[in-house]
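Everything on this sheet refers to the single structure shown next.
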There are 2 protein chains.
Amino acid sequence: MPGSPAPSPKTAAGDGSGPPPARRRVPLAAGERRLLPEATVKRLPLYLRALADAGDQQQATISSEELAAHAGVNAAQVRKDLSYLGSYGTRGIGYDTGLLRQHLRHELGLEKEYNVALVGAGNLGRALGHYRGFTERGFHVVAAFDTDPAKVGGFIEGTEVFSVRDLARVVKDRAITMALVATPAAVAQQVVDSLVEAGVTSVLNFAPAVLNVAPDISIRRVDLAVELQILSYYDSSRRHEYAGTGS
Amino acid sequence: MPGSPAPSPKTAAGDGSGPPPARRRVPLAAGERRLLPEATVKRLPLYLRALADAGDQQQATISSEELAAHAGVNAAQVRKDLSYLGSYGTRGIGYDTGLLRQHLRHELGLEKEYNVALVGAGNLGRALGHYRGFTERGFHVVAAFDTDPAKVGGFIEGTEVFSVRDLARVVKDRAITMALVATPAAVAQQVVDSLVEAGVTSVLNFAPAVLNVAPDISIRRVDLAVELQILSYYDSSRRHEYAGTGS
DNA sequence: CCATGTGAAAGCGTTCACAGCG
DNA sequence: CGCTGTGAACGCTTTCACATGG
C-alpha cells in the first residue's frame with residue numbers, strides 16, 4: 001500500500017515545499033552555523049544563478065536590487081537572506097560577485113559532487129538521464145534502474161540501466177546518496193523505501209504520489225499534473241472574476 | 001536580455017511559489033467565491049488524488065485524517081482547506097468521496113479541458129510530450145514548437161512540431177491558453193513574451209530562468225537543478241550537524 | 001552619499017483546542 | 001459519540017524603514 005496512513009503526521013512527508021521539517025533547537029556551539037530558514041534556502045540557488053549571469057558579464061559587484069530583479073523577489077528579501085550567511089556585502093557598493101558565489105556554493109554544499117541514481121527508465125526517466133544541467137552542476141547520474149527486462153542492460157547517455165533487484169548492491173557500490181524517482185505512483189513508496197535502506201538520503205520524487213520517509217531523509221516532489229491543476233485554478237478564477245460584480 | 005530588471009518588483013515573476021500575487025480586496029458580490037489562499041490551492045490537487053485512490057477502493061466517505069495521511073499534511077489543515085470551499089463534510093462521518101471530488105474539480109477549474117502548447121522539443125520537451133498524465137487530466141498538448149529545422153515537421157506522440165515562427169498563428173488557431181516552456185534559459189523570456197502576446201495566460205516554465213510576465217498571467221517554475229541544490233543544502237547540513245556540539 | 005544590514009511591524013500559514021452537529 | 005468546522009494562538013515569512021558604515 002503506497003498511501004498507508006503515516007504513523008505520526010509529523011513524518012517528513014514529501015509535500016514538495018518542506019522537505020526536512022526538522023529544525024534543531026539546541027544552543028549550538030561556537031563555529032557552527034544555524035540552519036537557514038527554509039524559504040531562504042529555496043532562493044539561494046536563484047541568487048547563485050543570477051551571479052553566474054553577472055559573472056558572464058564581467059561584473060565585479062552586484063547590488064541587492066539587481067539580484068532581486070534576477071530572482072524575481074524583493075531587494076529587502078535578498079539582503080535579509082544574504083545576511084543569514086554572515087553576509088559579505090560592502091555598504092555603498094554591493095556584493096562582490098566572486099566572493100558571494102563562493103559563499104553560496106559553500107552554504108548549499110555544492111563544493112561536493114553527488115552520485116545520483118535514476119529509478120524508472122520510462123519517458124520521463126530517460127529525459128532526466130539525458131538532461132545536461134545535472135552533471136554541469138555536480139550531480140552525476142551514475143546508475144539507472146528499471147523493472148522492464150527490455151530496458152535492463154541498456155544505456156542512457158552512457159549510464160547503464162540495472163534491474164531494480166540490483167538496486168541495493170549498485171547504490172552501495174557506487175556510493176549513491178541521491179535519487180530521482182520517476183516510476184509509476186503505485187511502486188514509488190516501495191522504491192523509496194529500498195533506496196533509503198540502501199543508503200540514499202535525498203530524493204527527488206517525480207511520481208504523482210506523496211511519499212513517507214524518516215525525518216532524517218530529504219524528499220522533494222516535482223508533480224507535473226499538480227502544477228497544471230494549480231494553473232487551471234488561477235485560470236478559472238480569472239474567468240469568473242468579471243462575472244460577479246460590475247464595479 | 002532575459003533577466004531584464006523588472007519595472008516594479010511586484011511583477012508576477014515566476015518564483016515557482018506565487019504565480020498570481022494579485023489578491024482582490026473588493027467586497028465581492030453574493031454568489032461570488034473569494035480567492036483561496038495560495039497554500040490551499042497547492043494542496044487541493046493532492047486531496048483530489050487521495051480521493052481517486054479512495055474511490056478505487058469503493059470508499060463512500062473519507063475522513064480528514066485519511067485525507068491528511070494521503071496528502072502528507074495535518075488533519076486540521078485538511079479541514080480548514082476544505083472549509084474554504086464551503087465544505088461538504090458530515091460531522092461524525094467524514095466527506096462523501098464523490099461529492100468532494102466533484103467540488104474539488106469544480107473549484108480547480110478542471111471541468112474545462114485545456115489546449116496546451118509545448119515549446120522546445122529537446123530531451124525534456126519530448127519527454128513532456130510523451131507524458132500520459134497530461135491528457136488523462138484534461139490537458140491536451142495540441143502543438144509543439146522548436147527552432148531546429150531538423151525537428152520542425154516531425155511529430156511527438158501524434159503532436160506536430162511547428163517552427164516557432166508560426167507560434168502566434170498556431171496558438172490562436174488552436175485556441176491554446178496554456179504552455180510548457182522547455183527551451184534553453186537564454187530564449188525563455190522571449191518565448192514567453194510571444195506566447196502571452198498570442199493569447200496564452202498560463203505558463204509552466206522548465207527553463208532555468210526567472211521569467212517576468214504581466215500580473216494577469218500565471219507562471220509557475222519547475223527547476224530541476226534548483227531542486228537538487230536544495231536537497232544538497234539539507235544533505236550538507238546533515239553532514240555538519242554532528243561536527244559542532246558533542247551533546 | 002549610497003547600498004547594506006537589521007530591528008520592528010505586518011501579513012500569511014499552520015496548528016491547537018474545542019464548540020457544534022449529525 | 002465521532003468527526004467536522006472554526007476562532008484563537010502561534011510561528012514563520014515578507015516588507016518596511018532607517019541606522020550604520022565603507
Side-chain angles (χ1 to χ4, degrees), chain A residues 5 8-11 13 15-18 20-25 34-44 46-47 59-69 71-97 99-100 103, chain B residues 5 8-11 13 15-18 20-25 34-44 46-47 59-69 71-97 99-100 103:
Chain A
S8 145
K10 284 267 181 179
T11 322
D15 81 315
S17 344
R23 193 73 58 95
R24 71 209 309 283
R25 246 162 263 281
R34 168 169 270 114
L35 260 203
L36 303 176
E38 200 179 305
T40 295
V41 174
K42 290 192 202 170
R43 286 185 294 264
L44 296 188
L46 300 184
Y47 302 151
Q59 241 182 297
T61 70
I62 191 166
S63 68
S64 59
E65 205 74 55
E66 287 177 277
L67 280 169
V73 299
N74 186 296
Q77 183 99 264
V78 173
R79 294 199 296 276
K80 180 137 291 195
D81 285 341
L82 296 184
S83 78
Y84 290 130
L85 317 186
S87 207
Y88 294 85
T90 309
R91 291 167 198 241
I93 305 288
Y95 301 89
D96 181 290
T97 50
L99 195 64
L100 183 55
H103 279 285
Chain B
S8 146
K10 284 268 182 178
T11 322
D15 81 314
S17 347
R23 193 74 58 96
R24 73 209 309 283
R25 248 163 262 282
R34 166 168 270 113
L35 259 202
L36 303 177
E38 200 179 307
T40 294
V41 174
K42 291 192 201 168
R43 284 185 294 264
L44 295 187
L46 300 184
Y47 302 151
Q59 240 182 299
T61 70
I62 191 167
S63 68
S64 60
E65 205 72 55
E66 287 177 277
L67 279 169
V73 300
N74 186 296
Q77 183 98 264
V78 173
R79 293 198 297 274
K80 180 138 291 191
D81 285 342
L82 296 184
S83 78
Y84 290 130
L85 316 186
S87 208
Y88 295 84
T90 310
R91 291 166 199 243
I93 305 288
Y95 301 89
D96 180 290
T97 49
L99 195 65
L100 182 56
H103 277 287

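Every chain is numbered from 1, with letters handed out A, B, ... down the list of sequences. A quick note: this is a predicted structure, and the numbers were derived from the prediction, not measured. Computed from heavy atoms alone, side chains included, the values below leave out hydrogens, waters and symmetry copies.
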### Message
If you assign each of B/Ala76 and A/Gly92 to its closest nucleotide in DNA chain D, which residue comes earlier from the 5' end?
### Response
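Mapping each residue to its closest nucleotide by heavy atoms, the 5'-most match is B/Ala76.
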### Message
Between A/Arg79 and A/Ala39, which residue's closest nucleotide on DNA chain D lies nearer the 5′ terminus?
### Response
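It is A/Ala39, whose closest nucleotide lies nearer the 5' terminus.
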Atom [atom1] of [X] and atom [atom2] of [N]: how far apart are they, to the nearest Å?
X: B/Leu36; N: C/dT14; atom1: CG; atom2: P; result: 13 Å
X: A/Asp96; N: C/dA3; atom1: CG; atom2: P; result: 16 Å
X: B/Tyr88; N: C/dC21; atom1: OH; atom2: C1'; result: 18 Å
X: B/Glu65; N: C/dC16; atom1: CD; atom2: P; result: 11 Å
X: A/Asp81; N: C/dT4; atom1: CG; atom2: C1'; result: 14 Å
X: A/Leu85; N: C/dT4; atom1: CG; atom2: C1'; result: 14 Å
X: B/Leu100; N: D/dT4; atom1: CG; atom2: P; result: 11 Å
X: B/Gln59; N: D/dC3; atom1: CD; atom2: P; result: 13 Å

Closest to the [X] side chain, choosing from [options]:
X: B/Lys80; options: C/dT15, D/dG22, D/dT14; answer: C/dT15
X: B/Glu38; options: C/dT15, C/dG13, C/dG7; answer: C/dG13
X: A/Arg91; options: C/dA8, D/dG7, D/dG21; answer: D/dG21

Counting only side-chain N and O atoms of [X], is one of them less than 4.0 Å from OP1 or OP2 of [N]?
X: B/Asn74; N: C/dG13; value: no
X: B/Tyr95; N: C/dG22; value: no
X: B/Gln77; N: C/dG13; value: no
X: A/Ser64; N: C/dT4; value: yes

#### Entry: Whether B/Thr97 side chain and B/Gln59 backbone form a donor-acceptor pair below 3.5 Å
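Here the side-chain-to-backbone pair exists.
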### Query
What is the minimum heavy-atom distance between B/Ala68 and B/Asn74, and which atoms define it?
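For B/Ala68 versus B/Asn74, the nearest heavy atoms are CB-C, 3.8 Å.
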### Task
Check A/Ser64 against A/Ala75 and note the closest heavy-atom contact, atom names and distance.
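Nearest pair, atom of A/Ser64 first, then A/Ala75: CB-O, 3.9 Å.
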### Message
At less than 3.5 Å, do the side-chain atoms of B/Lys42 and the base atoms of C/dG13 form a donor-acceptor pair?
### Response
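For B/Lys42, whose side chain was compared with the base of C/dG13, there is no donor-acceptor pair (under 3.5 Å).
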#### Entry: Spatial distance of atom OH (B/Tyr84) from atom CG (B/Leu36) [nearest 0.5 Å]
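Answer for the OH-CG pair, B/Tyr84 versus B/Leu36, is 8.5 Å.
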### Message
For the CG atom of B/Leu82 and the CZ atom of B/Arg43, what is their distance to the nearest 0.5 Å?
### Response
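Here the rounded value is 10.0 Å.
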